[in-house]
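Structure first, then comments.
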Amino acid sequence: GDDLWVAYSVSKEDMWVSRVPVPIRRTLSGPVADDFDDMEAGGVVTDWNVYSPTWCPVEVVDGPEPTGKSLRLTDRDPIDYAKAMRVFGAAPKQTIRFTLWIESSASPLDIEVTSGRGARHVQLRVDTEGNLVVRQHEQARRLASLEIGRWYDVVINVDSEGRSYGLSLDGQVLVAKHPYADEGAAFGDRGAPSERIVLRTGDYRMTRDLAECKSGSEQVPGFDEPGVDEPIEPATYYIGSFKTVHTEDTTQHIATGSE
(Lines give C-alpha, C1' and ligand atoms only; values in the text may rest on other atoms or scores of the structure.)
Protein backbone atom coordinates (compact mmCIF):
# COMPACT_ATOMS: atom_id res chain seq x y z
CA GLY A 1 0.00 0.00 0.00
CA ASP A 2 0.94 3.64 0.46
CA ASP A 3 2.09 3.31 4.08
CA LEU A 4 5.65 3.96 5.23
CA TRP A 5 7.40 0.95 6.82
CA VAL A 6 10.37 1.52 9.13
CA ALA A 7 12.63 -1.26 10.47
CA TYR A 8 15.03 -0.43 13.30
CA SER A 9 16.78 -1.81 16.38
CA VAL A 10 16.68 -0.62 19.96
CA SER A 11 20.05 -0.58 21.74
CA LYS A 12 21.31 -3.04 19.10
CA GLU A 13 18.99 -5.69 20.49
CA ASP A 14 15.34 -6.23 19.51
CA MET A 15 14.35 -5.56 15.92
CA TRP A 16 11.17 -3.56 15.42
CA VAL A 17 8.99 -2.84 12.41
CA SER A 18 6.68 0.20 12.39
CA ARG A 19 3.89 0.93 9.95
CA VAL A 20 3.33 4.68 9.50
CA PRO A 21 0.23 5.80 7.56
CA VAL A 22 0.89 8.68 5.20
CA PRO A 23 0.37 11.55 5.03
CA ILE A 24 1.49 11.82 8.66
CA ARG A 25 -0.93 13.73 10.88
CA ARG A 26 0.22 15.15 14.20
CA THR A 27 -3.10 16.75 15.16
CA LEU A 28 -6.80 16.37 14.40
CA SER A 29 -9.68 18.81 14.41
CA GLY A 30 -13.09 18.03 15.87
CA PRO A 31 -14.44 15.12 17.90
CA VAL A 32 -13.74 11.44 17.11
CA ALA A 33 -15.88 8.30 17.40
CA ASP A 34 -14.57 4.71 17.24
CA ASP A 35 -16.54 1.50 17.79
CA PHE A 36 -14.05 -0.83 16.02
CA ASP A 37 -16.81 -2.67 14.13
CA ASP A 38 -15.61 -1.27 10.80
CA MET A 39 -12.08 -2.59 11.44
CA GLU A 40 -10.86 -6.06 10.52
CA ALA A 41 -10.23 -8.41 13.45
CA GLY A 42 -6.47 -8.89 13.68
CA GLY A 43 -5.93 -6.12 11.13
CA VAL A 44 -4.84 -2.49 11.29
CA VAL A 45 -6.10 -0.46 14.26
CA THR A 46 -7.18 2.53 12.22
CA ASP A 47 -6.37 6.01 13.58
CA TRP A 48 -4.70 4.65 16.73
CA ASN A 49 -0.98 4.65 17.50
CA VAL A 50 -0.14 1.27 18.98
CA TYR A 51 2.94 -0.18 20.63
CA SER A 52 2.46 -3.93 20.29
CA PRO A 53 5.37 -6.18 21.35
CA THR A 54 5.12 -9.95 20.81
CA TRP A 55 4.05 -10.64 24.40
CA CYS A 56 1.93 -7.46 24.64
CA PRO A 57 -0.31 -7.41 21.57
CA VAL A 58 -2.75 -4.60 20.82
CA GLU A 59 -5.40 -5.82 18.39
CA VAL A 60 -8.98 -5.60 17.21
CA VAL A 61 -10.94 -8.71 18.22
CA ASP A 62 -14.53 -9.99 18.33
CA GLY A 63 -16.37 -9.51 21.64
CA PRO A 64 -16.75 -9.59 24.56
CA GLU A 65 -20.53 -9.79 24.26
CA PRO A 66 -22.78 -7.97 23.79
CA THR A 67 -20.54 -5.65 21.77
CA GLY A 68 -19.32 -6.37 18.27
CA LYS A 69 -15.59 -5.81 17.93
CA SER A 70 -13.33 -4.18 20.49
CA LEU A 71 -9.74 -3.12 21.03
CA ARG A 72 -7.86 -5.61 23.23
CA LEU A 73 -4.65 -4.94 25.16
CA THR A 74 -2.89 -8.03 26.52
CA ASP A 75 0.29 -8.08 28.60
CA ARG A 76 2.29 -11.15 29.63
CA ASP A 77 5.72 -9.54 29.42
CA PRO A 78 7.62 -9.08 32.73
CA ILE A 79 9.27 -5.83 31.64
CA ASP A 80 7.39 -4.42 28.64
CA TYR A 81 3.83 -3.20 28.10
CA ALA A 82 1.05 -2.80 25.55
CA LYS A 83 0.15 0.76 24.60
CA ALA A 84 -2.57 2.38 22.50
CA MET A 85 -2.93 6.12 21.90
CA ARG A 86 -5.73 8.03 20.17
CA VAL A 87 -5.33 11.64 19.05
CA PHE A 88 -8.48 13.79 19.05
CA GLY A 89 -9.25 17.42 18.32
CA ALA A 90 -8.36 19.90 21.04
CA ALA A 91 -11.12 22.03 22.58
CA PRO A 92 -11.43 24.28 25.66
CA LYS A 93 -13.90 21.80 27.19
CA GLN A 94 -14.82 18.31 26.06
CA THR A 95 -16.13 14.95 27.14
CA ILE A 96 -14.11 11.78 26.61
CA ARG A 97 -16.17 8.60 26.82
CA PHE A 98 -15.23 4.95 26.44
CA THR A 99 -16.32 1.50 27.56
CA LEU A 100 -13.95 -0.75 29.48
CA TRP A 101 -14.02 -4.51 30.15
CA ILE A 102 -11.48 -6.15 32.48
CA GLU A 103 -10.72 -9.82 31.88
CA SER A 104 -7.64 -9.86 34.10
CA SER A 105 -5.82 -7.07 35.97
CA ALA A 106 -2.64 -9.09 36.55
CA SER A 107 -0.78 -6.01 35.26
CA PRO A 108 -2.17 -2.50 35.77
CA LEU A 109 -3.86 -0.39 33.11
CA ASP A 110 -2.89 3.29 33.06
CA ILE A 111 -5.46 5.63 31.52
CA GLU A 112 -4.02 9.06 30.77
CA VAL A 113 -5.25 12.13 28.94
CA THR A 114 -2.31 14.16 27.65
CA SER A 115 -1.31 17.25 25.74
CA GLY A 116 0.10 17.06 22.23
CA ARG A 117 3.63 16.80 23.63
CA GLY A 118 2.74 14.22 26.25
CA ALA A 119 2.13 16.16 29.47
CA ARG A 120 -0.10 13.81 31.50
CA HIS A 121 -3.06 15.96 32.53
CA VAL A 122 -5.28 13.08 33.71
CA GLN A 123 -3.65 10.08 35.40
CA LEU A 124 -5.91 7.15 36.27
CA ARG A 125 -5.02 3.51 36.89
CA VAL A 126 -6.72 0.16 37.22
CA ASP A 127 -4.33 -1.50 39.66
CA THR A 128 -3.60 -5.22 40.06
CA GLU A 129 -6.29 -5.48 42.77
CA GLY A 130 -8.93 -4.18 40.37
CA ASN A 131 -9.16 -0.76 42.01
CA LEU A 132 -9.67 2.39 39.97
CA VAL A 133 -7.34 5.04 41.40
CA VAL A 134 -6.50 8.63 40.56
CA ARG A 135 -2.82 9.56 40.64
CA GLN A 136 -1.07 12.88 41.16
CA HIS A 137 2.47 13.76 42.27
CA GLU A 138 3.37 10.16 43.18
CA GLN A 139 0.24 9.82 45.31
CA ALA A 140 -2.78 7.64 44.57
CA ARG A 141 -6.37 7.72 45.84
CA ARG A 142 -8.78 4.81 45.41
CA LEU A 143 -12.05 5.74 43.71
CA ALA A 144 -13.85 2.44 43.11
CA SER A 145 -13.44 -1.33 43.04
CA LEU A 146 -14.04 -2.78 39.56
CA GLU A 147 -15.39 -6.23 38.77
CA ILE A 148 -13.97 -8.73 36.30
CA GLY A 149 -16.06 -9.63 33.27
CA ARG A 150 -18.44 -6.70 32.77
CA TRP A 151 -18.58 -3.47 30.78
CA TYR A 152 -18.05 -0.10 32.45
CA ASP A 153 -18.98 3.26 30.95
CA VAL A 154 -16.18 5.74 31.70
CA VAL A 155 -16.65 9.49 31.19
CA ILE A 156 -13.85 12.02 31.64
CA ASN A 157 -14.73 15.71 31.28
CA VAL A 158 -11.66 17.84 30.66
CA ASP A 159 -11.51 21.60 31.08
CA SER A 160 -8.31 22.78 29.43
CA GLU A 161 -9.07 26.40 30.31
CA GLY A 162 -9.70 25.69 33.98
CA ARG A 163 -6.89 23.05 34.05
CA SER A 164 -9.14 20.48 35.71
CA TYR A 165 -11.22 17.39 34.95
CA GLY A 166 -14.14 15.36 36.27
CA LEU A 167 -14.75 11.61 36.18
CA SER A 168 -17.85 9.43 36.27
CA LEU A 169 -18.32 5.67 36.12
CA ASP A 170 -21.63 4.20 34.91
CA GLY A 171 -23.23 7.60 35.47
CA GLN A 172 -21.96 7.97 39.06
CA VAL A 173 -19.73 10.96 39.76
CA LEU A 174 -16.42 9.81 41.26
CA VAL A 175 -14.53 13.09 40.86
CA ALA A 176 -16.38 16.38 40.40
CA LYS A 177 -13.33 18.56 39.84
CA HIS A 178 -9.67 17.58 40.05
CA PRO A 179 -6.66 19.70 39.01
CA TYR A 180 -4.54 18.53 36.11
CA ALA A 181 -1.81 16.22 37.39
CA ASP A 182 0.93 17.59 35.11
CA GLU A 183 1.01 21.08 33.66
CA GLY A 184 3.69 20.17 31.13
CA ALA A 185 6.53 22.43 32.29
CA ALA A 186 9.09 19.73 31.49
CA PHE A 187 7.71 19.49 27.94
CA GLY A 188 7.58 23.23 27.26
CA ASP A 189 3.85 22.62 27.08
CA ARG A 190 2.41 24.58 29.99
CA GLY A 191 -1.19 25.61 29.39
CA ALA A 192 -1.63 23.34 26.35
CA PRO A 193 -5.02 21.67 25.78
CA SER A 194 -5.74 17.97 26.19
CA GLU A 195 -5.75 16.16 22.83
CA ARG A 196 -4.74 12.51 23.33
CA ILE A 197 -5.71 9.49 25.38
CA VAL A 198 -3.10 6.86 26.28
CA LEU A 199 -3.90 3.32 27.45
CA ARG A 200 -0.84 1.47 28.78
CA THR A 201 -0.33 -1.78 30.74
CA GLY A 202 2.73 -0.58 32.64
CA ASP A 203 4.48 2.34 34.28
CA TYR A 204 5.27 5.56 32.45
CA ARG A 205 8.91 5.39 31.37
CA MET A 206 9.98 8.94 30.67
CA THR A 207 11.22 9.70 34.15
CA ARG A 208 14.84 10.53 34.81
CA ASP A 209 15.80 7.39 36.73
CA LEU A 210 14.63 5.09 33.94
CA ALA A 211 15.95 7.28 31.15
CA GLU A 212 19.48 7.38 32.52
CA CYS A 213 20.15 3.65 32.58
CA LYS A 214 18.49 0.68 31.02
CA SER A 215 18.56 -1.15 34.33
CA GLY A 216 17.28 1.79 36.36
CA SER A 217 20.53 1.73 38.33
CA GLU A 218 23.25 4.34 38.04
CA GLN A 219 25.76 1.76 39.27
CA VAL A 220 24.85 -1.00 36.77
CA PRO A 221 24.10 0.52 33.36
CA GLY A 222 22.65 -2.00 30.96
CA PHE A 223 22.41 -4.79 33.53
CA ASP A 224 20.37 -7.76 32.32
CA GLU A 225 17.31 -7.97 34.55
CA PRO A 226 16.50 -11.47 35.87
CA GLY A 227 13.43 -13.41 34.72
CA VAL A 228 12.80 -11.48 31.54
CA ASP A 229 12.76 -14.58 29.31
CA GLU A 230 9.66 -16.08 30.93
CA PRO A 231 6.11 -14.79 30.37
CA ILE A 232 4.02 -13.76 33.36
CA GLU A 233 0.32 -14.15 34.11
CA PRO A 234 -1.48 -12.26 31.33
CA ALA A 235 -3.47 -9.08 31.90
CA THR A 236 -6.27 -8.41 29.42
CA TYR A 237 -8.37 -5.29 28.88
CA TYR A 238 -10.94 -4.41 26.21
CA ILE A 239 -12.11 -1.03 24.91
CA GLY A 240 -15.53 -1.42 23.29
CA SER A 241 -15.95 2.13 22.00
CA PHE A 242 -14.28 5.51 22.26
CA LYS A 243 -15.56 8.99 21.48
CA THR A 244 -15.08 12.65 22.29
CA VAL A 245 -17.63 15.47 22.37
CA HIS A 246 -16.82 19.17 22.48
CA THR A 247 -18.97 20.89 25.09
CA GLU A 248 -19.29 24.10 27.04
CA ASP A 249 -21.00 22.52 30.07
CA THR A 250 -18.85 19.75 31.50
CA THR A 251 -20.83 19.67 34.75
CA GLN A 252 -23.91 18.33 32.95
CA HIS A 253 -21.89 15.64 31.21
CA ILE A 254 -20.31 14.49 34.45
CA ALA A 255 -23.61 14.24 36.26
CA THR A 256 -25.52 12.31 33.60
CA GLY A 257 -22.79 10.49 31.70
CA SER A 258 -24.81 11.44 28.63
CA GLU A 259 -23.87 12.96 25.33
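Residue numbers run from 1 in the order of the sequence given. What you see below is based on every heavy atom in this structure, not just the backbone, and it leaves out hydrogens, waters and symmetry mates. Values in this document were obtained by computation on a predicted structure and should not be read as measured data.
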Point to revise | Nearest-0.5 Å distance that lies between atom CD1 in I197 and atom CD in E112 | key: 9.5 Å
[Y] and [X], any side-chain heavy atoms less than 4.5 Å apart:
| X | Y | value |
| --- | --- | --- |
| R72 | T74 | yes |
| H121 | V158 | no |
| V58 | L199 | no |
| Y152 | V126 | no |

Practice item. Could you go through the side-chain contact (heavy atoms from CB on, under 4.5 Å) check for D47 and L28 one step at a time? Key: CA-CA 10 Å; D47 294 327; L28 294 178; over 6 Å; no
Check your understanding: Counting only heavy atoms not in D38, do more than 12 sit closer than 6.0 Å to its CG atom?
Key -> yes
Is it the case that one hydrophobic cluster holds both [X] and [Y], taking links as side-chain heavy atoms less than 4.5 Å apart, direct or via other members?
| X | Y | value |
| --- | --- | --- |
| L109 | V45 | yes |
| L100 | L143 | yes |
| L132 | V154 | yes |

Review point. Does a side chain donor of either N157 or T95 reach within less than 3.5 Å of an acceptor in the other side chain?
Key: yes
Point to revise | Derivation of the side-chain contact (heavy atoms from CB on, under 4.5 Å) call for H178 and V134 | key: CA-CA 10 Å; H178 194 286; V134 59; 4.0 Å; yes
Point to revise | D110/R135 salt bridge by N-O under 4.0 Å criterion | key: yes
**Study point:** Ionic contact status for D203 with R125, cut-off 4.0 Å
**Key:** yes
Exercise for review: Could you go through the ring-ring contact (aromatic ring centres under 6.0 Å, His included) check for F36 and F242 one step at a time?
Suggested key: CA-CA 9 Å; F36 306 107; F242 176 82; 8.5 Å; no
